[in-house]
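Both counts, for ligands and for their atoms, begin at 1 and track the order of listing.
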Amino acid sequence: MRAPAPVRSQGRTLRARLVATVLILLALACAVIGVVTALALRQSLIGQLDDDLRSATQRFAHSAMQHPPGSQPPPPSGDYLGPGQVLGTLGARIQDGQVVGARVSNRGGEYQALDPMDYPALLAVRPGAHPVSVSLSNLGSYRMAAVTAPDGSTLVVGLPEARSHDVLNELVTIELVVIGLTLLGAGVAGAVLVRRELRPLERVAETAAKVSALPLDRGEVELVERVPNVDPATEVGQVGAALNRMLDNVGGALEARQESEMRLRQFIADASHELRTPLAAIRGYAELTRRDGPAVPRDTAYALIRISSQAERMTTLVEDLLLLARLDAGRPLERAPVDLTRLVLDAVSDAHAAGPGHRWQLALPDEPVTILGDGSRLAQVLANLLANARTHTPPGTSVTVGLAQETDNGGGAVLTVSDTGPGIPAALLPHIFERFARGEKSRSRAQGSTGLGLAIVHAVVAAHRGAVGVRSVPGLTEFTVRLPGGGLGAADAPDHAAPAGTPV
Ligand SMILES: Nc1ncnc2c1ncn2[C@@H]1O[C@H](COP(=O)(O)OP(=O)(O)OP(=O)(O)O)[C@@H](O)[C@H]1O
Ligand SMILES: [Mg+2]
């Protein structure tokens with residue numbers, strides 16, 4: 001049996017969808033945390049930088065007061081911006097809208113003049129306003145503030161933002177690495193956990209698949225499949241438990257169905273059996289009374305003939321019903337070598353005697369065809385097919401009986417009965433092997449036909465594990481019976497297996 005496919009929805013497994021959903025949610029949460037952390041850190045770094053800038057501005061203002069612009073040349077190194085300024089601090093003095101000095105402290109404790117290209121950026125800084133970020137051509141991003149000196153000039157001070165940016169970049173890098181590793185770990189762990197949690201669901205699907213492959217429509221069915229290890233505390237376990245309860249229920253219903261079928265078969269078989277004796281008695285007494293000859297009035301004699309013929313017909317019907325009930329119950333057939341060629345010859349010769357108006361033809365192979373099976377039942381198959389070819393076609397019709405040994409199929413046999421009669425009505429054809437299926441009911445009944453002949457053919461052939469088919473057009477009707485070489489009887493066929501001790 002095929003293993004059931006994993007639980008699927010729109011082409012993707014439930015497992016994959018669950019893991020993907022968890023990962024997406026986790027990624028979203030990580031992104032929110034990461035962005036908020038980075039923003040908060042940036043805010044705090046800028047605040048700190050602004051504090052430093054305020055102190056740097058005070059120191060520069062103090063130094064600038066001691067070295068007014070007229071006291072050129074510039075003060076010695078380290079004194080221009082005042083003491084204690086950090087590396088890279090920028091200081092500029094603006095007088096009458098002109099930058100009169102702009103320097104940046106460098107590594108050797110010296111000052112370096114600012115590129116005049118950046119002067120417009122310095123002029124844009126408003127004294128007393130909140131610090132602003134300015135991008136300088138060679139030095140990168142600076143945080144700048146300006147104050148007005150007592151002499152009326154404007155002092156601009158800037159601190160490099162590079163360090164804050166480095167700290168922020170480092171945080172973002174660390175965050176990305178940690179989030180990536182977290183998602184990877186969560187993906188692997190999630191896949192393993194979800195697989196483990198869904199395993200009971202796979203067991204449910206496996207059980208359902210096994211049950212769906214069982215033939216539940218006929219015969220005795222043992223419904224033993226159940227979902228193993230169900231834990232009713234979980235939702236999946238509840239599904240399993242519900243399926244098990246349903247299987248209990250279905251099992252019970254199937255048992256009841258089988259029992260009632262067996263009772264019905266038994267009843268039909270018993271009834272048919274019981275009817276045989278009174279029918280034989282009726283036929284016997286009618287015959288006996290008729291033998292009295294002239295003593296019997298004419299009308300009574302006619303009535304006796306009708307009684308005999310109807311009793312005859314009823315006997316056939318009862319025999320047919322009994323045979324069908326026995327085949328249904330799976331009563332074992334005989335299993336002995338059957339010479340089909342011999343059977344065909346006898347049956348055609350009987351048919352010839354019964355229907356001399358028809359043209360009977362044989363298409364037999366040179367070698368006799370033999371299979372294992374039940375000779376008398378197979379003779380009945382032939383008799384029923386030939387009776388049909390005789391009674392449902394007009395005199396003059398050609399009937400051909402063919403037989404062939406099959407080389408494959410375990411050396412089985414193919415038997416065909418074809419006639420050139422008017423054919424089977426198209427509406428009847430699909431139901432032809434059903435019980436009591438007849439064409440033109442009123443006429444058939446008058447002819448003494450019951451519609452069980454082909455049902456018996458079908459049941460006997462099925463009990464031999466063979467197959468019967470028909471094709472019919474006006475002018476050619478052909479029945480084909482295939483019998484396997486082994487000719488297994490019903491006892492070996494599980495479909496027809498009857499429980500021991502069911503005498504029919
Ligand atoms: N060779 C045939 N040509 C035409 N119709 C046929 C042929 N064989 C069967 N049929 C049709 O199929 C119907 C069913 O056949 P079936 O043998 O089961 O029942 P029956 O012949 O009517 O009755 P009985 O139980 O006496 O055989 C027939 O009533 C007839 O209409
Ligand atoms: Mg018939």
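- Counting heavy atoms under 4.0 Å from ligand 1, residue Asp419 touches it through the side chain alone.
- Nearest-heavy-atom check against atom 14 (C) of ligand 1 across Pro474, Ser472, Ala437 picks out Ala437.
- Where the criterion is an N or O separation shorter than 3.5 Å, residue side chain and backbone included, His392 meets it with respect to ligand 1.
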Could you walk me through whether Glu287 and Arg283 pass the salt bridge (charged side-chain N to carboxylate O under 4.0 Å, His left out) check?
CA-CA 6 Å; Glu287 193 56 35; Arg283 282 208 321 270; over 6 Å; no
Kindly indicate, with the supporting measurements, whether the criterion salt bridge (charged side-chain N to carboxylate O under 4.0 Å, His left out) is fulfilled by Glu406 and Arg482.
CA-CA 9 Å; Glu406 277 190 313; Arg482 274 171 208 285; 3.0 Å; yes
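- In this structure, Asp320 does not pair ionically with Arg435, as no charged nitrogen and carboxylate oxygen lie closer than 4.0 Å.
- For Ser141, the side chain to side chain donor-acceptor pair (under 3.5 Å) partners are Glu161, not counting sequence neighbours.
- Two residues are said to be in side-chain contact when any heavy atoms from C-beta on lie closer than 4.5 Å; Gln405 and Pro365 fail this criterion.
- Those atoms of ligand 1 with a heavy atom of Ile432 less than 4.0 angstrom away are 11 (C), 12 (O).
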Let's go through Phe436 and His431 carefully: what are the C-alpha distance in whole Å and the side-chain angles of both, what is the deciding distance for side-chain contact (heavy atoms from CB on, under 4.5 Å) to 0.1 Å, and is it a yes or a no?
CA-CA 10 Å; Phe436 298 109; His431 311 286; over 6 Å; no
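- Of the candidates Asn388, Thr391, Thr477, the one placing a heavy atom closest to atom 17 (O) of ligand 1 is Asn388.
- With Leu275 as the fixed residue, the side-chain contact (heavy atoms from CB on, under 4.5 Å) test singles out one of Leu321, Val318, Leu317, Leu322: Val318.
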Leu254 and Val250: CA distance, side-chain angles, deciding distance, side-chain contact (heavy atoms from CB on, under 4.5 Å) verdict
CA-CA 6 Å; Leu254 287 174; Val250 170; 4.0 Å; yes
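- Selection from Thr450, Leu386, Thr316, Leu454 by nearest heavy atom to atom 18 (O) of ligand 1 gives Leu454.
- Geometrically, ligand 1 and Gly451 share a nitrogen or oxygen pair separated by less than 3.5 Å.
- Under a 4.0 angstrom heavy-atom cut-off, Leu452 registers as being in contact with ligand 1.
- Protein N, O or S atom count below 2.8 Å of the Mg ion (ligand 2): the structure gives 1.
- Only side-chain heavy atoms of Leu428 come within less than 4.0 Å of ligand 1; its backbone N, CA, C and O stay farther off.
- Not one N or O on the side chain of Asp419 forms a donor-acceptor pair closer than 3.5 Å with the backbone of Val399.
- Look at Gly423 and you'll find a heavy atom under 4.0 Å from some atom of ligand 1.
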Which donor-acceptor pairs under 3.5 Å do the side chains of residues 471-478 make with protein atoms, sequence neighbours left out?
unit_1	atom_1	unit_2	atom_2	d
Arg471	NE	Glu478	OE1	3.3
Arg471	NH2	Glu478	OE1	2.8
Ser472	OG	Ile424	N	2.8
Ser472	OG	Thr477	OG1	3.0

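- The side chain to side chain donor-acceptor pair (under 3.5 Å) check on Arg257 picks up nothing, with sequence neighbours excluded.
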